[in-house]
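Since the model is a prediction, treat every value here as computed from it, not as a measurement.
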Amino acid sequence: MEDADHARPYLDSPVDTDRAETLIRWARYLGTTFGTSGALCALRYYERLGWLTPAARAEVEQQLQGLSLEEIHSKKYDEPGHLTGPLASLSGTPFGAHAKSLEFVADLADADLEGDLLRTELAKNRAGVDLPDHTGGRAAPVPSEE
């Protein structure tokens with residue numbers, strides 16, 4: 001696993017044996033959400049984003065190969081997952097399925113996704129950067145306390 005100073009969840013290989021159940025749940029999620037070919041494409045996309053190393057991608061692909069036909073039915077977003085926690089605002093959006101994968105990656109990498117997002121928001125606020133509010137508008141910049 002990557003060190004705690006890394007700014008995003010980054011999964012390398014191998015996954016710790018105590019997290020094997022999470023890896024299997026993620027493979028099932030990918031299979032039922034995207035189907036086999038879609039899951040493979042998603043994993044390559046996550047690798048390009050830097051969420052996974054090639055070795056970690058290969059490990060998840062091995063888990064996909066072991067799934068039953070029922071576990072690789074593609075829903076094509078017809079049943080979008082509902083997220084909780086820091087990525088909840090992405091529930092029901094086209095990004096929701098990938099956000100759910102990011103939660104799995106963060107869990108497998110033992111990363112503090114919520115803490116990372118909060119630190120990012122704090123940094124934006126301290127820099128005086130406009131942040132979108134929950135209604136899609138723009139929030140006023142927060143002045144620096146320095």
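- No side-chain heavy atom of Arg44 sits less than 4.5 Å from a side-chain heavy atom of Leu49.
- No donor-acceptor pair under 3.5 Å is formed between the side chain of Arg57 and the backbone N or O of Leu52.
- Under a hydrophobic clustering in which Ile, Leu, Val, Met, Phe, Trp and Tyr are joined whenever their side-chain heavy atoms come within less than 4.5 Å, directly or via other members, Ile24 and Leu69 fall into different clusters.
- Of all non-hydrogen atoms in Leu40 and Glu61, the two that sit nearest each other are CD2-CG, 3.6 Å.
- Remark: Ser68 engages Glu70, Glu71 in a side-chain hydrogen bond (donor to acceptor under 3.5 Å, both in side chains) (not counting sequence neighbours).
- For the atom pair OG1 of Thr22 and CD of Glu103, the computed distance is 12.0 Å after rounding to the nearest 0.5 Å.
- Using the six-membered ring where Trp is involved, Trp26 and Phe104 have ring planes that are parallel, under 30° apart on the 30 and 60° scheme.
- Nearest heavy-atom pair across Tyr46 and Ala97 is OH-O, 4.4 Å.
- Smallest separation of non-hydrogen atoms from Leu108 and Leu23: CD2-N, 3.8 Å.
- In this structure, Glu59 CD and Gln63 CD are separated by 7.0 Å, a value rounded to the nearest 0.5 Å.
- Shortest non-hydrogen contact noted between Leu90 and Ala99 is CD1-CB, 3.6 Å.
- Minimum heavy-atom separation, Gly31 to Ala39: N-CB, 4.4 Å.
- Side-chain N or O atoms of Thr33 include none that pairs as donor or acceptor with a backbone N or O of Leu30 at under 3.5 Å.
- Under 3.5 Å, the side chains of His98 and Tyr45 contain no donor-acceptor pair of N or O atoms.
- Considering only heavy atoms from C-beta on, Leu64 stays 4.5 Å or farther from Thr36 through its side chain.
- Side-chain contact, Tyr29 with Ser101: no donor N or O sits under 3.5 Å from an acceptor N or O.
- At least one side-chain heavy atom of Tyr10 sits under 4.5 Å from a side-chain heavy atom of Thr53.
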